[in-house]
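Dropping the structure in here first, questions after.
Starting from 1, each residue takes its place in the sequence as its number. These numbers were taken from a predicted model, which means no experiment stands behind them. The basis for the numbers below is simple: all heavy atoms, side chains too, and nothing from hydrogens, waters or symmetry mates.
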Amino acid sequence: MIIGLTGGIATGKSTVSNIIRGQGIPVVDADIISREVVMPEKEAYEKIVACFGEQILNDDKTINRAGLGEIIFNDTEKRTMLNEIVHPAVRKEMRQQADDYLRSGESIVVMDIPLLFESKLTHMVDQTWLVYATPEIQLQRLINRDHFSEKQAKSRIHSQMPITEKKELADVVINNNGSLSALENDVLSLLKQTK
């Protein structure tokens with residue numbers, strides 16, 4: 001079974017991902033893979049350099065992510081071009097890693113995909129798990145964790161699909177409004193039911 005794990009900013013998705021890893025269950029992380037597929041020698045890297053030119057490279061020939069970010073931040077067309085290179089490469093690598101784990105005998109593989117619903121990637125998984133926290137708790141955690149002002153934190157939260165909408169789409173909702181130990185107990189109990 002492939003589980004798609006998602007959440008919202010400051011809901012605790014990374015914490016849940018780590019709890020699952022701690023149980024020896026493989027986690028295929030979209031964020032990590034998105035950095036790997038743009039490394040030199042990779043197909044997506046070659047396409048990005050061909051598309052954006054060598055001025056986006058650091059001295060060591062790796063992509064200057066901040067520089068590339070500046071280019072695409074204000075240019076929808078260029079952002080779309082980049083996404084059309086990177087997203088298929090990420091999906092292909094995630095699928096490959098998940099298949100490798102299943103072939104090697106794993107019964108559960110978790111795909112950690114922050115934009116699971118937004119990117120319409122539910123077809124890649126058998127079940128979707130959402131790490132949920134109320135918008136109020138999200139806001140407080142974000143202010144505490146990243147030292148944002150309330151305005152900055154709200155702007156980050158509002159740039160994402162509302163967590164309440166994601167809740168309607170998820171097969172399983174993991175409530176993370178309480179303590180770390182309560183969260184851990186809930187996740188371990190869910191994993192027992194899934195095996």
Inset, instruction - Identify the heavy atoms of Arg156 and Ser159 that sit nearest to each other, and give their distance. - result: O-OG, 2.7 Å
Inset, instruction - Return the minimal non-hydrogen interatomic distance between Thr6 and Ile113, and the atom names on each side. - result: OG1-O, 2.9 Å
Inset, instruction - Return the minimal non-hydrogen interatomic distance between Asp60 and Thr62, and the atom names on each side. - result: OD1-OG1, 2.5 Å
Legend entry - Polar side-chain atom of Thr11 near backbone of Tyr132 as donor-acceptor pair, under 3.5 Å: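 Flag not set: sc Thr11 to bb Tyr132 has no pair under 3.5 Å.
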Inset, instruction - Before giving the answer on side-chain contact (heavy atoms from CB on, under 4.5 Å), spell out for Tyr45 and Lys61 the whole-Å C-alpha distance, their side-chain angles and the decisive distance to 0.1 Å. - result: CA-CA 10 Å; Tyr45 170 90; Lys61 297 292 182 207; 3.8 Å; yes
Legend entry - Pair Gln140-Glu136, side-chain donor/acceptor within less than 3.5 Å: no
Legend entry - Stepwise side-chain contact (heavy atoms from CB on, under 4.5 Å) check, Leu169 with Met161: CA-CA 11 Å; Leu169 299 170; Met161 176 191 282; 4.2 Å; yes
Legend entry - Charged N-O contact under 4.0 Å between Arg79 and Asp75: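 A salt bridge is absent here (no side-chain N lies under 4.0 Å from a carboxylate O).
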Inset, instruction - Classify the side-chain pair Asn144/Arg141 by whether it contains a donor and acceptor separated by less than 3.5 Å. - result: no
Inset, instruction - May I ask you to decide if Val131's main-chain N or O and Asn176's side chain share a donor-acceptor pair within less than 3.5 Å? - result: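 Here the side-chain-to-backbone pair does not exist.
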Legend entry - Straight-line distance of Met81 CE to Thr76 OG1, nearest 0.5 Å: 12.5 Å
Inset, instruction - Output, in order, the C-alpha distance, side-chain angles, deciding distance and verdict of salt bridge (charged side-chain N to carboxylate O under 4.0 Å, His left out) for Asp99 and Arg95. - result: CA-CA 6 Å; Asp99 289 346; Arg95 185 85 249 176; 3.3 Å; yes
Inset, instruction - Identify the heavy atoms of Gln138 and Ala10 that sit nearest to each other, and give their distance. - result: O-CB, 3.7 Å
Inset, instruction - Please say whether the positively charged group of Lys166, taken as NZ for Lys or CZ for Arg, lies over the ring of Phe117, i.e. under 6.0 angstrom from the six-membered ring centre and within 45 degrees of the axis. - result: no
Legend entry - Donor-acceptor pair, side chain of Asn177 and main chain of Thr134, under 3.5 angstrom: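 Flag set: sc Asn177 to bb Thr134 pair under 3.5 Å.
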Legend entry - Polar side-chain atom of Thr128 near backbone of Asp171 as donor-acceptor pair, under 3.5 Å: yes
Inset, instruction - Would you check, one step at a time, whether the test side-chain contact (heavy atoms from CB on, under 4.5 Å) holds for Asn64 with Leu57? - result: CA-CA 5 Å; Asn64 179 330; Leu57 298 179; over 6 Å; no
Inset, instruction - Output yes when Lys42 and Glu46 qualify as a salt bridge under the 4.0 Å nitrogen-oxygen rule, no when they do not. - result: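 Here Lys42 does not pair with Glu46 in a salt bridge, since their nearest N and O are not under 4.0 Å apart.
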Legend entry - Gly24 to Glu106 - nearest heavy-atom pair and separation: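 Smallest heavy-atom distance, with atoms named: O-OE1, 4.3 Å.
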Inset, instruction - Output the distance between atom NZ (Lys154) and atom CD (Gln152), rounded to the nearest 0.5 Å. - result: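 The CD atom of Gln152 is 13.0 Å from NZ of Lys154, to the nearest 0.5 Å.
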Legend entry - Rounded distance [0.5 Å steps], CD1 in Ile32 versus CG in Asp112: 8.0 Å
Legend entry - Minimum heavy-atom distance Ile108-Ile3, with the two atoms named: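 In terms of heavy atoms, the two residues are closest at CG2-CD1, 3.7 Å.
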